[in-house]
There are 2 protein chains.
Amino acid sequence: MNDHVHPTPDAFPTFADIENRIERVCARVPGSDRQPVLLKMLLQHIAGGLNSRMNEVLREYNLNRISFLALVMLVSSGGKPLNPSDLAEATGESRANVTRICDELVAKSLLRREPNPEDRRRIDLYLAPQGEELVQRTLPKIQNHAFSPFNDLTAEERDLLEAILKKLLGAFA
Amino acid sequence: MNDHVHPTPDAFPTFADIENRIERVCARVPGSDRQPVLLKMLLQHIAGGLNSRMNEVLREYNLNRISFLALVMLVSSGGKPLNPSDLAEATGESRANVTRICDELVAKSLLRREPNPEDRRRIDLYLAPQGEELVQRTLPKIQNHAFSPFNDLTAEERDLLEAILKKLLGAFA
DNA sequence: GAAATATAATTCAGAAATTTACTATCCCGG
DNA sequence: CCGGGATAGTAAATTTCTGAATTATATTTC
């Protein structure tokens, strides 16, 4: 989960400083363009900030971001199981890491593993009742505390952002 | 750098699947709203994808994303030194991690450390000539290979994205 | 239907990141 | 000018993550 912005007292001082630096570097390096670098930095800082905030909330429940995401994905399946590799894909984590995360979740009785009867290479992951409960309790808190920065955008801006980010993500194929 | 999307053969299959899952979860959990969760996931996947691509390019040079970013920040200072804590702030990494990164960079003769004459707690980090060269060589490659997804956006979309992301980042203060 | 190839999950070694604690220095109020 | 508190950098211990095998099962191909 190499994704944290360190919680310094003043973690987001002036992005303008960083922007100036980017301008200067790109002016000096031929073949470089300021905007993609800037966008990359913005995305990085925002994603990092959101992750930090999520972790702050989840710490009270002894969960980390990935474990929580795994639980959410399972809630979304509505009782149907998921395989570890599904989780790896959905979360963007390595499969080895997903195995470890699942070990933790099983140890906390939030998840249970069962062999898949049709394909015996596979393991089916079922959400335990406590896991569902935990998501019910924590997701609204995440929404309120961690995701509050989105409230500073207007509805139009959020829709626009959603559309542009979807298009951008599509470009990774 | 807990920030990688694992390079599976098909790392960005259909985000639509994930979107459907989010819809279902939020329908089931009172006090949750689909859009912020969706935006968070989009940001996460895009930032992770960009990081993976950067690391792919940088691997040839035995660098990782953070080390590279540190070098870029130093180039942006135009010969003036930076302190480790400046780098920590700019990169969003912990100070302890920056110390380690600098150890590596010094070992590779891309960076040199000198005590600050005015404040003896501080260390001044100077870019070595090889470090400058390395940025000159790698930044254009990063631009072409790693940041190419931005080319799928129109100029208007990029500007809009920049503006919205800046506003969003401002909301973290 | 046997051999070759591919896929799923895991294990394990080592790399990378965080947390806590420590040292040295600076700064401010008295 | 000195004592308490802040700040900078690092070190050590721990946790987390990855990457390369490993094992077991499916699937394809001939």
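Fair warning: this is a prediction, and the values are worked out from it, not measured in the lab. Chain A is the first sequence line, chain B the second, and so forth, proteins listed ahead of strands; every chain is numbered from 1.
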**Q** Separation of Arg120(B) atom CZ from dT23(C) atom C1', in whole Å?
**A** 13 Å
**Q** What is the distance, to the nearest angstrom, from the CZ atom on Arg100(A) to the C1' atom on dG19(D)?
**A** 15 Å
**Q** Look at the side-chain heavy atoms of Ile, Leu, Val, Met, Phe, Trp and Tyr, link any pair under 4.5 Å apart, and say whether Tyr126(A) and Leu69(A) land in one connected group.
**A** no
**Q** At less than 4.0 Å, is any side-chain N or O atom of Ser85(B) found next to OP1 or OP2 of dT7(D)? Yes or no.
**A** no
**Q** Is it the case that the base of dG9(D) and the side chain of Arg95(B) share a donor-acceptor contact (distance under 3.5 Å, atom types as modelled)?
**A** yes
**Q** If we only count heavy atoms from C-beta on, is the Leu134(B) to Phe68(B) side-chain gap below 4.5 Å?
**A** no
**Q** Using whole Å, what does the distance between atom P of nucleotide dA11(D) and atom CD1 of Ile123(B) come to?
**A** 10 Å
**Q** If you pin Arg113(A) and Arg121(A) to their nearest nucleotides in DNA chain C, which one's is more 5'?
**A** Arg121(A)
**Q** When you match Glu104(A) and Arg59(B) each to their closest nucleotide on DNA chain D, which lands nearer the 5' end?
**A** Glu104(A)
**Q** With side-chain hydrogen bond (donor to acceptor under 3.5 Å, both in side chains) as the test, would you mind laying out the steps for Asn64(B) and Ser67(B) before giving the verdict?
**A** CA-CA 6 Å; Asn64(B) 63 29; Ser67(B) 308; 2.8 Å; yes
**Q** Tell me the interatomic distance from Glu118(A), atom CD, to dT27(D), atom P, rounded to whole angstroms.
**A** 10 Å
**Q** Please give, in whole Å, the distance from dA15(C) C1' to Asn97(A) CG?
**A** 14 Å
**Q** Would you say NZ of Lys108(B) has more than 12 non-hydrogen atoms from neighbouring residues, nucleotides or ligands within 6.0 angstrom?
**A** yes
**Q** Just how far, in rounded Å, is P of dC26(C) from CG of Asn83(B)?
**A** 13 Å
**Q** Grab the CD-P distance between Glu93(B) and dC17(D) for me, whole Å please.
**A** 14 Å
**Q** Is a side-chain N or O of Asn116(A) found less than 3.5 angstrom from the main chain of Ile123(A), in a donor-acceptor match?
**A** no
**Q** Just N and O in the side chain of Ser94(B): are any of them under 4.0 Å from OP1 or OP2 of dA17(C)?
**A** no
**Q** Under 4.0 angstrom, heavy atoms only, what part of the nucleic acid is Thr99(B) near: base, sugar-phosphate, or nothing?
**A** base
**Q** Does a nitrogen or oxygen in the side chain of Arg122(A) sit under 4.0 Å from OP1 or OP2 of dT10(C)?
**A** no
**Q** Whole angstrom is fine here: how far is it from CG in Asp103(B) over to P in dT10(D)?
**A** 7 Å
